[in-house]
Amino acid sequence: MSEEADHDHRPLVLMHRLPSFALPFRDRLHSHFRVLDPHSSITAGETPQAFLSRHAASVQALITVCPSPVAADLLDLLPSLRVVVGSSAGVDHIDVAECHRRGIAVTNAGNAFSEDVADYAVALLLDVLRRVSAGNRFVRSGSWPQKGEYPLCSKLGGKRVGIVGMGSIGSEVAKRLAAFGCRVAYNSRNKKPSAPYPYYANVCDLAVNSDVLVVCCALTDKTHHIINKDVLTALGRDGIIINVGRGALVDEKELVQYLARGEIGGAGFDVFEKEPEVPKELFAMDNVVLSPHRAVLTPESFEAVFEVIMANLKAFFSNKPLLSPVKLE
Ligand SMILES: O=CC(=O)O
């Protein structure tokens with residue numbers, strides 16, 4: 001770093017492995033913080049590890065992007081780190097317990113993505129039920145009208161939708177689907193006084209009473225494979241699974257087999273257990289809609305998340321309450 005930077009007392013913020021489309025935000029951070037960005041500051045031939053050890057000692061804040069892991073090995077390189085500012089809603093890539101053990105605060109994207117993710121969940125569900133993508137393929141392949149009648153699809157209104165995770169994304173999904181005339185119920189760690197829908201403490205009970213499950217809870221040790229064999233069996237052969245949370249919320253291997261055997265009616269995935277790997281069996285299934293983890297990605301969401309990042313950083317360095325702190329489970 002330059003001598004000038006040595007006399008600059010603004011906190012040093014490391015932007016860790018940010019995708020190139022997030023880089024314009026770097027310039028806007030400059031007004032309040034010194035910004036260390038390996039993308040543009042790394043010396044030719046230097047490894048990211050070597051770059052970090054050169055600058056790490058004074059880094060006080062880390063802006064991180066999912067799924068880049070933040071765990072003990074990275075934290076060991078950053079002895080002055082005081083806050084990890086997550087740019088995603090999910091923080092399963094951050095070892096929150098380890099951060100808290102070291103006295104490092106953690107924040108996430110708060111509600112910045114909730115509306116866009118909820119829109120996307122509805123889009124996937126509509127697509128699976130009404131076969132929009134499948135119809136698109138049918139027409140483009142020249143099958144219409146040569147290959148006979150296109151099969152009937154199914155109406156959204158009136159469906160019993162079980163929402164797994166009634167956080168800010170879940171409540172936006174509920175609001176939208178209630179407006180479509182769906183009967184919404186939910187499962188969450190706790191009953192939410194603010195959610196005017198039937199609550200099921202057990203996901204299997206929710207599945208038995210649902211035509212569709214929309215999965216949008218946080219991935220933790222407790223929710224890993226929350227959608228398992230028992231839940232799929234309870235949902236039944238006409239049931240539909242939409243996952244906009246994290247791949248590992250669903251036992252993907254089981255779900256693929258249930259779909260292959262016709263024991264689940266359809267699925268919409270924005271996330272996968274080992275993304276970007278997608279089980280090949282899904283490619284041939286017309287009752288499945290696949291998406292490359294894009295539910296959050298709109299310019300509007302990006303602007304909103306930048307505001308949240310900035311607000312968290314400013315609050316942290318002026319000893320004010322954080323906007324979206326992540327607490328230990
Ligand atoms: O997947 C994206 C997020 O967690 O914000």
Side-chain angles (χ1 to χ4, degrees), residues 15-23 25 62-71 83-96 99 106-125 163-173 176 188-189 213-227 241-250 252 267-278 289-313 322-329:
M15 295 181 85
H16 189 50
R17 299 198 177 144
L18 251 59
S20 48
F21 52 73
L23 290 181
F25 295 140
L62 169 70
I63 301 179
T64 181
V65 71
C66 165
S68 188
V70 177
V83 60
V84 173
V85 180
S87 58
S88 52
V91 289
D92 44 293
H93 59 300
I94 302 175
D95 187 340
V96 178
C99 288
V106 180
T107 66
N108 72 353
N111 299 341
F113 295 127
S114 305
E115 292 181 352
D116 278 328
V117 175
D119 289 350
Y120 212 80
V122 173
L124 287 173
L125 176 55
I163 298 182
V164 181
M166 190 49 83
S168 88
I169 295 173
S171 54
E172 290 295 337
V173 173
R176 284 155 176 72
S188 226
R189 251 173 314 175
L213 290 181
V214 178
V215 186
C216 47
C217 57
L219 176 62
T220 65
D221 291 345
K222 290 192 191 108
T223 60
H224 182 264
H225 285 190
I226 190 170
I227 307 301
I241 299 272
I242 302 297
N243 188 4
V244 289
R246 284 288 182 268
L249 293 168
V250 175
E252 194 174 272
F269 299 83
D270 184 47
V271 284
F272 301 86
E273 273 207 82
K274 294 194 185 127
E275 59 188 56
E277 269 176 51
V278 176
V289 178
L290 305 171
S291 155
H293 201 150
R294 280 296 179 270
V296 299
L297 288 188
T298 66
E300 292 84 354
S301 271
F302 262 68
E303 190 55 42
V305 82
F306 178 74
E307 298 296 331
V308 172
I309 289 172
M310 197 67 169
N312 275 316
L313 281 169
L322 295 168
L323 191 77
S324 50
V326 175
K327 301 195 179 84
L328 262 184
E329 287 291 307

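Ligands are counted one by one from 1 in listed order, and the atoms in each one are counted from 1 as well.
- Counting only heavy atoms of the protein, atom 1 (O) of ligand 1 lies nearest to H293 NE2, 2.6 Å.
- Considering backbone and side-chain N/O atoms, R246 comes within less than 3.5 Å of an N/O atom of ligand 1.
- To the nearest 0.5 Å, the span separating CZ on R246 from SG on C66 amounts to 4.0 Å.
- The main-chain N or O of V296 is never found under 3.5 Å from a side-chain atom of D116 such that the two would form a donor-acceptor pair.
- Taking all heavy atoms of A89, A112, A218 into account, the minimum distance to atom 5 (O) of ligand 1 is reached by A89.
- The contact set between ligand 1 and G90, taken as ligand atoms under 4.0 Å from a residue heavy atom, comprises 3 (C), 4 (O).
- Listed by number with element, the atoms of ligand 1 under 4.0 angstrom from any heavy atom of V296 are 2 (C), 5 (O).
- One distance of note links CZ of R294 with CG of D270; it measures 8.5 Å at 0.5 Å rounding.
- The distance criterion of under 3.5 Å between nitrogen or oxygen atoms is not met by G245 with respect to ligand 1.
- Heavy atoms only, all atoms of each residue included: L249 and A218 are closest at CD2-O, 3.7 Å.
- The backbone N or O of S301 sits less than 3.5 Å from a side-chain atom of T298, completing a donor-acceptor pair.
- Looking only at distances, a side-chain donor or acceptor of E252 sits under 3.5 Å from a matching main-chain atom of E273.
- Under a 4.0 Å criterion applied to the non-hydrogen atoms of F113, ligand 1 contributes the atoms 5 (O).
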